[in-house]
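Just below is one structure, and these are the notes that go with it.
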Number of protein chains: 2
Amino acid sequence: MDTRRRILDVARELFAARSYAGTSIADITGRLGMSKAALYYHFSSKAEILSALVAEPLAAYERLADSHLPPAELLAAVVDTTAGYLDVVDAIGSDPSARAVIRDLSRQRGADEINATIVAALAGPAPSEPRRVRAHAAYAVAKHGTLSLTAGGKLATHDRAEILAAAMRALDA
Amino acid sequence: MDTRRRILDVARELFAARSYAGTSIADITGRLGMSKAALYYHFSSKAEILSALVAEPLAAYERLADSHLPPAELLAAVVDTTAGYLDVVDAIGSDPSARAVIRDLSRQRGADEINATIVAALAGPAPSEPRRVRAHAAYAVAKHGTLSLTAGGKLATHDRAEILAAAMRALDA
DNA sequence: GTCTATAAGACGATAGAC
DNA sequence: GTCTATCGTCTTATAGAC
């Protein structure tokens, strides 16, 4: 059962470097020193590896979208969720081939729709056009700011407070 | 010579939807109703299609990184460059397989390094840790905020002013 | 659980006719 | 400038032995 984890770790790393479509099963098993058939004992398809990788973070973002939290708490939750699943968000959140596979994985809402829901929650009901723009800006800070800031490492407490404050300033004119 | 443009248009669209590695030459020619051999009359390889697509926007970001503009002007230039090459940035800027190919295209600085240079310019010389965090936040607004805001369309003048103001607020505590 | 071997097809790219 | 046909390789996935 530890082999499963090792496969997922290597897959995440390679998907981040070469994308899902650009990574072959042989690439993964080659780095692990095992045969392709051995991998298929643990996973029934390539798509299932991706699915196991994204299921948890995707569900977390989905809960956020449905949380009805006020803007300040919602932004904090976006920062924490992004930091918490940093490696997966980095590896797969920006890979079109992975996103396409996830969409076809019989899932109702894709990542794009979840993002849009969160931005709408930040903007509030019947937002003015400037307010809508500021919601996009704040979400960009909370998600991509956190990502690029903590590239590779962990999010320190004082950095968390600072990025959250920046997101709030972007939201409130 | 118009055929070349039609190929690039379809390639950009498919790379955005399925990534570079996830798009085959047959996918592109299939949508254009031409044979694979016909495409290879206009481009000598798949990588050359990608290269033709990204050369101009990549050079534009590189000029920005070397511009030594003060923060306010630099952020405005990032917003305008991102909006100006919206479709390409969207299609390829977030695709790991494309980024890997571009890196191997005998180019000195990759996209990651260019981004880091711009963030460093925003932070200024010998920045404090909070200032460094704010530089990441401001760049996230200027790039990803602009991207998600104008998804598919064009950046309106008043939206441009609003996102720029949000980026400046993120930068200055 | 892991191996070797292989099926069945998609892939990038080319040859040569028109 | 575009076609059909094909080369050699890589791909996902499986069969069957250990």
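Chain letters run A, B, ... following the sequence lines, proteins first and then strands; every chain starts at 1. Note: hydrogens, waters and symmetry copies are ignored here, and every other heavy atom, side chains too, is used. As the structure is a prediction and not an experimental result, all values here were calculated from the model.
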Report the nucleotide, chosen from dG1(D), dT2(C), dA13(C), that has the shortest atom-to-atom distance to any side-chain atom of Y40(B).
dA13(C)

If you compare every side-chain N and O of Y41(A) against the phosphate oxygens of dT2(C) (OP1, OP2), does one of them come in below 4.0 Å?
no

Does R109(B) pair with D66(B) as a salt bridge, N-O distance under 4.0 Å?
yes

Cationic N near anionic O, under 4.0 Å, E162(B) to R132(A):
no

Whole Å only: how far is the CZ atom of R4(A) from the C1' atom of dT2(C)?
17 Å

Residue pair V119(A) / A135(A): nearest heavy atoms and the distance that separates them
O-CB, 3.6 Å

Taken to the nearest whole Å, CE/M34(B) to P/dT4(D) is 12 Å

Regarding the side chain of S45(A), the nearest nucleotide among dA13(D), dC3(D), dT2(C) is dA13(D)

Nucleotide nearest S35(A) (side chain, heavy atoms from C-beta), chosen from dA13(D), dT4(D), dC3(C)
dC3(C)

From CG of L39(B) over to P of dT14(C), roughly how many Å is that when rounded to an integer?
12 Å

Residue pair L122(B) / H136(B), side-chain heavy-atom distance below 4.5 Å
no

Return all side-chain donor-acceptor pairs below 3.5 angstrom for residues 82-92 of chain B, not counting sequence neighbours, or 'none' if the list is empty.
from   : atom 1 : to     : atom 2 : distance (Å)
T82(B) : OG1    : Y61(B) : OH     : 2.7
T82(B) : OG1    : V78(B) : O      : 2.8
Y85(B) : OH     : E56(B) : OE2    : 3.0

Mind listing the N/O atom pairs, protein and nucleotides 7-11 of chain D, below 3.5 Å?
none

Roughly how far, to the nearest 0.5 Å, is the CG atom of D112(B) from the OG1 atom of T117(B)?
10.5 Å

With side chains defined as the heavy atoms from C-beta onward, is the minimum distance between M168(A) and D172(A) less than 4.5 Å?
yes

Atom pair distance, as rounded to whole Å: CZ in F43(A) and P in dT12(D)
15 Å

Which protein N or O atoms sit under 3.5 Å from an N or O of nucleotides 15-18 of chain D?
none

Fit a plane to each ring of H144(B) and H144(A), take the angle between them on a 0 to 90° scale, and name the class: parallel (under 30°), tilted (30 to 60°) or perpendicular (over 60°).
parallel

Cationic tip of K46(A) within the cone over Y20(A)'s six-membered ring, i.e. under 6.0 Å and within 45° of the normal?
yes

